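See structure below.
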Amino acid sequence: MIAEALQYLATAALTGSAHRRFVRYSVNLWSRAGRCSRDWAAHEANSKEAISTAISGLTQQRTAVVLGSGLLRDVPIEQLAGSFDTVVLVDLVHLASVRLRLKGKRYRNVRLIERDLSGYDDLEAGREPEPLGFLRSVPYLDFVVSANLLSQIGRGVKRRYEAEASPGMPADTVERLIAAHIHGLADLPCRTCLVTDISYAVIDRTGKVHEEADLLHGVKPPEGKAGWDWPVAPFGEESRDYQIVHKVIAA
């Protein structure tokens with residue numbers, strides 16, 4: 001609890017006021033990642049491998065952008081920083097521990113941007129959401145990866161939609177913003193990679209599935225080039241008798 005409190009206080013002090021309310025979610029993720037490090041190791045390695053494969057053979061490696069950089073546990077930041085002239089990490093919150101790690105590694109070509117990538121505000125204002133439209137102004141863009149972000153957008157949008165109950169928001173808000181992210185990535189004039197969990201299942205110790213859900217709310221993702229299981233909540237994390245396993249694809 002002390003480590004979490006220190007992480008929260010340090011991160012909140014470094015985070016803009018518009019995004020400060022999201023710090024606790026990032027700290028909670030950081031805490032779970034530490035507890036579940038052994039169970040998450042294969043997922044993190046697979047995510048890194050998918051990104052490494054995606055950049056192989058690039059003739060130009062000027063600017064790379066990581067959407068949803070998060071804890072950087074699932075991103076090959078050493079390879080990206082060593083290969084590209086500039087690496088831009090985009091997320092709502094950049095934890096103090098992540099900032100410290102980057103400073104310690106002396107990655108002089110890594111930039112941090114705080115940004116809401118959901119597109120919710122555009123849709124609320126009556127505009128067609130273009131959550132990735134800002135990337136058109138990034139010079140010399142050669143690679144963009146969406147790193148285990150898309151389902152988090154869906155979860156965050158659903159939570160905000162239900163909490164605010166704005167009458168001006170369309171009933172298919174969650175679906176539209178998930179689709180906007182997928183289409184925005186596909187429309188970029190550079191090489192891209194999408195790593196995302198697409199569904200989850202609650203499974204008991206006998207292997208019986210008790211609950212399943214589509215994390216993309218019916219929106220079809222691109223065809224995956226690789227796929228794997230991610231035990232987001234292994235046995236003992238939320239229950240002694242059940243685990244929660246997510247299906248992940250890399251496209």
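Remember, predicted model here, so these are calculated numbers, not experimental data.
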- Message: Walk me through whether Tyr107 and Val87 qualify under side-chain contact (heavy atoms from CB on, under 4.5 Å).
- Response: CA-CA 9 Å; Tyr107 293 137; Val87 179; over 6 Å; no

Give a yes or no on whether [X] and [Y] share a hydrophobic cluster (residues Ile, Leu, Val, Met, Phe, Trp, Tyr; joining criterion: side-chain heavy atoms under 4.5 Å apart).
X	Y	result
Phe22	Ile153	no
Leu141	Leu194	yes
Leu58	Ile77	yes
Phe143	Leu72	yes
Val145	Leu188	no

Find the distance between [atom1] ([X]) and [atom2] ([Y]) and round it off to the nearest 0.5 Å.
X	Y	atom1	atom2	value
Ser151	Asp197	OG	CG	3.0 Å
Leu89	Leu102	CG	CG	6.5 Å
Ile182	Asp187	CD1	CG	12.0 Å
Lys158	Thr173	NZ	OG1	12.0 Å

- Message: Walk me through whether Arg176 and Glu128 qualify under salt bridge (charged side-chain N to carboxylate O under 4.0 Å, His left out).
- Response: CA-CA 10 Å; Arg176 285 182 63 177; Glu128 188 65 27; 3.6 Å; yes

Given side chains that start at C-beta, do those of [X] and [Y] come closer than 4.5 Å, heavy atoms only?
X	Y	value
Leu14	His94	no
Leu71	Leu95	yes
Thr196	Leu215	no
Ile55	Arg191	no
Val93	Thr11	yes
Val195	Asp74	no
Trp228	His43	yes
Leu67	Val65	yes

- State whether Tyr25 and Arg159 meet the cation-pi test: NZ (Lys) or CZ (Arg) under 6.0 Å from the six-membered ring centroid, and within 45° of the perpendicular axis.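 Because its charged atom sits under 6.0 Å from the ring centre and within 45° of the axis, Arg159 does stack over Tyr25.
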
- Task: Using the six-membered ring wherever Trp is involved, compare the ring planes of Tyr242 and His210 and label them parallel, tilted or perpendicular (cut-offs 30° and 60°).
- Result: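 Plane angle over 60°, so perpendicular.
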
- Task: Could you verify whether a donor N or O on one side chain and an acceptor N or O on the other, from Ser239 and Asp241, lie under 3.5 Å apart?
- Result: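 Side chains of Ser239 and Asp241: no pair found under 3.5 Å.
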
- Message: Can a side-chain donor-acceptor contact be found between Gln7 and Ser97 if the only test is distance below 3.5 angstrom?
- Response: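 Distance-only check passes for Ser97 and Gln7.
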
- So Lys247 and Glu212, salt bridge (charged side-chain N to carboxylate O under 4.0 Å, His left out) or not? Walk me through it. CA-CA 11 Å; Lys247 292 285 185 184; Glu212 291 180 289; over 6 Å; no

- Task: Could you walk me through whether Asp121 and Arg160 pass the salt bridge (charged side-chain N to carboxylate O under 4.0 Å, His left out) test, one step at a time?
- Result: CA-CA 11 Å; Asp121 290 338; Arg160 181 175 174 183; 2.8 Å; yes

- Indicate the atoms forming the closest heavy-atom contact of Pro222 with Ile249, along with that distance.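 Smallest interatomic distance, heavy atoms only, reads O-CD1, 3.7 Å.
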
- Message: Other residues, nucleotides and ligands only: do more than 12 of their heavy atoms fall within 6.0 Å of OH on Tyr140?
- Response: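 Count not over threshold, so no.
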
- Query: In terms of heavy-atom contacts, does CZ of Arg240 have more than 12 from other residues, nucleotides or ligands at under 6.0 Å?
  - Reply: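 No - once you tally the heavy atoms of other residues, nucleotides and ligands closer than 6.0 Å, there are 12 at most.
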
- Candidate pair Arg99 and Glu114, rule salt bridge (charged side-chain N to carboxylate O under 4.0 Å, His left out), full reasoning: CA-CA 13 Å; Arg99 293 174 183 268; Glu114 287 181 18; 3.7 Å; yes

